[in-house]
Asks: 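This is the structure, below, for whatever I ask next.
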There are 2 protein chains.
Amino acid sequence: MGITTKGRATRQRIVEGAAVHLRGTEPGTLTLDDVRAITGTSKGQLFHYFPGGKEELLLAVARFEADRVLDDQQPHLGALTSWAAWRRWRDAVVARYRAQGAHCPLGSLLGQVHSTPGAAEVVSTLLGQWEGHLRRGIEAMQARDQVDPALDAGRHAAALLAGVQGGVQVLRSTGSSRHLEAALDLGIEALRPPRTREGPADP
Amino acid sequence: MGITTKGRATRQRIVEGAAVHLRGTEPGTLTLDDVRAITGTSKGQLFHYFPGGKEELLLAVARFEADRVLDDQQPHLGALTSWAAWRRWRDAVVARYRAQGAHCPLGSLLGQVHSTPGAAEVVSTLLGQWEGHLRRGIEAMQARDQVDPALDAGRHAAALLAGVQGGVQVLRSTGSSRHLEAALDLGIEALRPPRTREGPADP
DNA sequence: GCTTTCCTGGACTCGACGGTCCAGAAAATT
DNA sequence: AATTTTCTGGACCGTCGAGTCCAGGAAAGC
């Protein structure tokens, strides 16, 4: 009564293989036979590890990809304590989504495993964590007197997150990162004090 | 050699019926038999009017819905010439997407008929028109000295559009309009002159 | 070493769904 | 009224893909 090391490895191989395939094609076109072919497994194994079938597998992939989304923005996202850090984060986001072009795992998941119970939870968690990082970043800047303390960190974090999400969506549709960059730049700009737009120097 | 009035009506009935169904369910679950059932038509008619099959039908629905998106924001979106008009537009957007909750036609289309040739064009056109309205609105405000003429209208329009798109996406996922409202409010706020945050009075 | 549990492979079922076909009704055209 | 075109209904087909089943191989436990 337990799971062997070999079993764990196979399960992991399935999830990662499916994730890779999902990154290269439209979601919804993914078939279990695709997964079989890519990961070198059999139907038996698929249903052995994911008794809930395709939906359970997709949800596992969703969790896997959700983790990657924030990881790819680290270490910048976790330490937004200077204007330079914000700049690096902004560049990392643009670079990441430019690179992946038409396929945002989050977007794919949002569009695909939408109405299931656990799926909404995965998305909510991801968005919540993302926004939390941004909010704490803004608060850190406020604590350092580089951002007006009267500014509502929660609102700005929410707006910034929305801008990034929308920018990525437009990027996926049109291939241009113009909106993403505009949303990021103006969103960050809005944090700077209105009087001295350059703000205190960054060591 | 021509199309009869009856034919036109049937075609329209098919498109609208499919659109209604698409608004109430996940896209991708739509089957031709669903459309048949809803619109009271037969397979023969479906392929008579849409020889390209499901894809052509979906594309027709996409165009139909894309028109609705901007129409629903009128007349506000077409005349953003005062702060009050911006406010009305903002309220209209929030109300519209709150009401439709989990199903944004644009979002559905983005996620569904993604990779086809004409689909990208529909989305690009819609986004382009939307952004154009916003840009002209900002320029109109600049012409009236209510917005700093040095401000880059194109960039702000792009960022605002991204914020709306992302806000709607979050709304679809979490059910909360917090992000959408934050993105709209802060995006519009960013247009106001920094010195006099209240701006000239609105007659 | 023997038993029990876990792991793997693949053949098979079965339903769903897109798409085809054609015959006949309804309009339009002459 | 005859004829041609368009419209409509529905039976039919082929495929594809999710999920089942079970038999045999590998580990783990005793």
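As the structure is a computational prediction, the values presented were derived from the model and not from experiment. Lettering follows sequence order; numbering is per chain, from 1.
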Asks: What is the distance, rounded to the nearest whole Å, between atom CG of A:Leu46 and atom C1' of C:dC7?
Replies: 13 Å

Asks: State which of D:dG19, C:dG18, C:dT8 makes the closest approach to the side chain of A:Phe47.
Replies: D:dG19

Asks: Starting from P on C:dC17, measure out to NZ on B:Lys54 and report it in whole angstrom.
Replies: 8 Å

Asks: What is the ring orientation for A:Trp86 with A:Trp89, classed by angle as parallel under 30°, tilted 30 to 60°, or perpendicular over 60°?
Replies: perpendicular

Asks: Could you work out which one of C:dT8, C:dA26, D:dG17 sits closest to the side chain of B:Lys6?
Replies: C:dA26

Asks: Give the rounded distance in Å between these two atoms: CZ of B:Arg36 and P of D:dT8.
Replies: 15 Å

Asks: Closest heavy-atom contact between B:Gly167 and A:Ala162?
Replies: N-CB, 3.7 Å

Asks: Round to the nearest Å and state the distance from B:Leu32 atom CG to C:dC17 atom C1'.
Replies: 8 Å

Asks: Between A:His48 and B:Leu30, which is nearer to the 5' end of DNA chain C once each is assigned its nearest nucleotide?
Replies: A:His48

Asks: Quick check for you: among C:dG10, C:dC7, D:dT20, whose closest atom lies nearest to any side-chain atom of A:Tyr49?
Replies: C:dC7

Asks: In whole Å, I'd like the distance from the CZ atom of A:Arg11 to the P atom of C:dT8.
Replies: 13 Å

Asks: Regarding C:dG9, can its base be found pairing with the side chain of A:Lys43 as donor and acceptor, where the two atoms are less than 3.5 Å apart?
Replies: no

Asks: What is the separation between atom CG on A:Asp33 and atom P on C:dA11, rounded to the nearest whole Å?
Replies: 12 Å

Asks: For the side chain of B:Gln45, starting at C-beta, report the closest nucleotide among C:dG10, C:dG19, D:dG9.
Replies: D:dG9

Asks: Is A:Arg88 salt-bridged to A:Asp91, cutoff N-O under 4.0 Å?
Replies: no

Asks: So, is B:Thr10 near the phosphate of D:dT8, with a side-chain N or O under 4.0 Å from OP1 or OP2?
Replies: yes

Asks: Regarding A:Leu57, tell me which of base, sugar-phosphate or nothing describes its non-hydrogen contacts under 4.0 Å with the strands shown.
Replies: nothing

Asks: On DNA chain D, check which nucleotide each of B:Gly44 and B:Thr4 is closest to and give me the residue with the more 5' one.
Replies: B:Thr4

Asks: In sequence, state the C-alpha distance, the side-chain angles, and the governing distance for A:Gln45 and A:Ser42, and then conclude on side-chain contact (heavy atoms from CB on, under 4.5 Å).
Replies: CA-CA 5 Å; A:Gln45 301 176 63; A:Ser42 66; 3.3 Å; yes

Asks: Round to the nearest Å and state the distance from B:Glu56 atom CD to C:dG18 atom P.
Replies: 15 Å

Asks: Using a strict cut-off of less than 4.0 Å between a Lys/Arg side-chain nitrogen and an Asp/Glu carboxylate oxygen, indicate whether A:Arg68 and A:Glu65 qualify as a salt bridge.
Replies: yes

